[in-house]
Enquirer: 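Quick one: the structure is below, questions incoming.
The analysis underlying the following values was restricted to heavy atoms, covering all of them including side chains, and did not include hydrogens, waters or symmetry mates. Ligands are counted one by one from 1 in listed order, and the atoms in each one are counted from 1 as well.
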Amino acid sequence: MNPKMLFWIPAALRLLMIFGASAIVCFCFGLTAGLLFCLFTMFVMVVLQLHYLYRLGGWLDNPQGQKLPDGWGAWTDIFSRLYRLRRDDEKNQAELSEWLARFRQAMHLLPDGVVIMDDVLFLEWCNPAAERHLGLRHGRDKGMRVTNLIRNPDFIDYIILGRYDQPLLLNLRERKLVVQIIPFENRRQILVTHDATESERIDMMRRDFIANASHELRTPLTVINGFLEIAQAHPNLDPQVRAGHLKMMSEQGQRMQNLIGDMLTLTRLESIDYPMRPEPVFIEAMLKNILQEVEILSAGQHVFSLRIEGPDINGNTEELRSAFNNLVSNAVRYTPAGGKIDLLWQNTQIGPQFVVRDTGIGFSREHISRLTERFYRVDKSGSRETRGTGLGLAIVKHVLLRHGGVLGVESSPEKGSVFTARLPASSVRANKVTLD
Ligand code: ADP
C-alpha cells in the first residue's frame, strides 16, 4: 500500500488508546466513570477536529491571506501536504507568468500580425502588427466578429470559400498583405498577416526594369536588322548609301553597348557585395578630363566654363567621374547649340559640391521627383535622339548615395537647369579645406 495512504493509522491508534484508557477507568472507578471518561475524551476529540476543519475552511476561502496552522495528529500531515501543494502551485504560477510575459513580448516584436479567433471568427486577441495591418484595436474590438471588422470583399470571399490551405493576397489600407487562416485547437483559428508591400514594390520595379530594358534594346536591334535585310536584298547597293547604313548600324550598336554598360554599372552600384573603398580623388585633373571629353561631344556648339574652388576629397574616383560625366554630358545633350554650360566645384558649410548649370531646354517642377528613376525621360518621344540611355541620373543618384551625398535639381523650361551633386563635409581631404 502507498505509505501516503497510511495516515489513518495514528488516528485509529488514538481511538484505541481512548477506548483502552476508558476501560482502565471503568475497571478502577466503575462503569459510569468509564463511560463518562470515554464520552468526555471523544467530545474533546470532536471539538479539536471541528476547530481544525474551521481553520481549513477559513484557509480555503482565502489561501493567500491566511497562514496554514501546524495542526495536530492526522491534521499535521494534511496541512503539510496542502502547504506543499500551495508552494508547487505558486512556483507553477510564477513560471507560467514568466512564459506568458515572454510570449507577449515576442508577439509584440513580431513583424507579422497574429489574430486569435474562436471557431465562429469572434476576435479574442491580436498583436500590435495585426492592429497596424488590419486596423483592429484589441481593447475596442475584442469579442466582435472579424468579418465585421475587416470589410474587404476578397477577405469575405476567402472566409466564405474556406480554402484556408492557401494564403490570400489582400490590398488593404494601402498595403499588400499576405493573409492566411490556420485552424488550431478544437475551436480556435489564427489569422496570420504578412506585409508584402515592400517586396511587391521591388518585384514590380524588377519587372518594369526588365520590360524597359528590353524595349530600349529592341529599338536599336530593329534598326540594325532592317539595314541587314536591305543589305541582303540588295547586294549591289550604292557604296555611298551602304556607308550611310553602316554608320547608322554602328551608332545603334554603340547605343546598345552604352545601355548594357550603364545597366552593369547600376547593378554593381546597388550590390552590397561591392563596398565603397574611399581613396584620394584629385578633382582638378578629373574635371579637366571630363571637360575635354564633353567638348568632343559638343563639337564646338557650346560655350564652357570651369571653376575649381573646392578641395580634393576622399571617395571613389571611377564612380564620381561617371556621375559627374553624366551630369555634364546631359547638359550638353539638352542644351541647344549656342548655349552656355558652367561647371563649378566649390566647398560650402555643409560640404563640397559640383554644380552644372546650363542654358538648355529645362523642364517643369513635376518631373524633378522622378528624374532619377530608371528610364524616366521628360520628353518621351524626342529624348532617344539625344542618344541617352535613360539611366544616367539613376547612376548619379546611386553614386552620391554611396558617398553619403545627394543630388539637387533646379530647372525651368526653356531657360535651363542646375544640377548639384552635394557631398558630405566628411569627404573633404584633411589640410585642404577652403570655405566659400
Ligand atoms: P538620359 O539618358 O535620357 O539623358 P538621364 O537619366 O541622364 O537619362 O536623364 C533623365 C531625363 O532627365 C532625361 O531624359 C531628360 O529628359 C532629363 N534631363 C537630364 N538632364 C537634363 C538637363 N541638363 N536639361 C534638361 N533635361 C535634362
Enquirer: Backbone or side chain, does any N or O of L393 fall under 3.5 Å from an N or O of ligand 1?
Expert: yes
Enquirer: Under 3.5 Å, is there a donor on one side chain and an acceptor on the other for E279 and T317?
Expert: yes
Enquirer: Closer than 4.0 angstrom: is that true for some heavy atom of F419 and an atom of ligand 1?
Expert: yes
Enquirer: Heavy atom to atom 20 (N) of ligand 1, shortest distance: which of N326, N330, V378 holds it?
Expert: N330
Enquirer: Can you sort out which atoms of ligand 1 are near T389, meaning under 4.0 Å from one of its heavy atoms?
Expert: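 Near T389, meaning under 4.0 Å from one of its heavy atoms, ligand 1 has 2 (O).
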Enquirer: If I compare all heavy atoms of I283 with all of D312, which pair ends up nearest, and what's the gap?
Expert: N-OD1, 3.1 Å
Enquirer: Can you sort out which atoms of ligand 1 are near R333, meaning under 4.0 Å from one of its heavy atoms?
Expert: 2 (O), 4 (O)
Enquirer: Is the ring pair F354/W345 parallel, tilted or perpendicular, if the boundaries are 30 and 60 degrees?
Expert: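 The rings of F354 and W345 sit tilted, inter-plane angle from 30° to 60°.
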Enquirer: Would you compute the distance between atom CG of L343 and atom CG of L327 and round it to the nearest 0.5 angstrom?
Expert: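 It comes to 9.5 Å.
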Enquirer: Assign the ring pair W125 / H138 to parallel, tilted or perpendicular, where the plane angle (0 to 90°) is split at 30° and 60°.
Expert: perpendicular
Enquirer: Please list all pairs passing the ring-ring contact (aromatic ring centres under 6.0 Å, His included) test where one or both residues lie in residues 217-251, with sequence neighbours left out.
Expert: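 Pairs touching residues 217-251 that pass the test: F227-H245.
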Enquirer: Could you establish whether G360 and ligand 1 come within less than 4.0 Å of each other, counting only heavy atoms on the residue side?
Expert: no
Enquirer: For residues 94-105, tabulate all N or O donor-acceptor pairs below 3.5 Å that involve a side-chain atom, not counting sequence neighbours.
Expert:
residue: S97; atom: OG; partner: Q93; partner atom: O; Å: 2.7
residue: E98; atom: OE2; partner: R102; partner atom: NH2; Å: 2.7

Enquirer: Please work out, at 4.0 Å between heavy atoms, whether the side chain, the backbone, both, or neither of T372 comes within that distance of ligand 1.
Expert: neither
Enquirer: Could you tell me, atom by atom, which parts of ligand 1 come under 4.0 Å of a heavy atom of G390?
Expert: 1 (P), 2 (O), 3 (O), 6 (O), 8 (O)
Enquirer: Could you see which bit of Y376 sits under 4.0 Å from ligand 1, with heavy atoms only: side chain, backbone, both or neither?
Expert: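 The part of Y376 near ligand 1 is the backbone, not the side chain.
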Enquirer: Return a yes/no value for G362: is any of its N or O atoms, backbone included, closer than 3.5 angstrom to an N or O of ligand 1?
Expert: no
Enquirer: For ligand 1, which atoms sit closer than 4.0 Å to a heavy atom of G392?
Expert: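 Atoms satisfying the 4.0 Å criterion: 5 (P), 6 (O), 7 (O).
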Enquirer: First locate atom CD of E216, then atom CG of L259, and finally report the distance between them rounded to the nearest 0.5 Å.
Expert: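 Result: 6.0 Å between the selected atoms.
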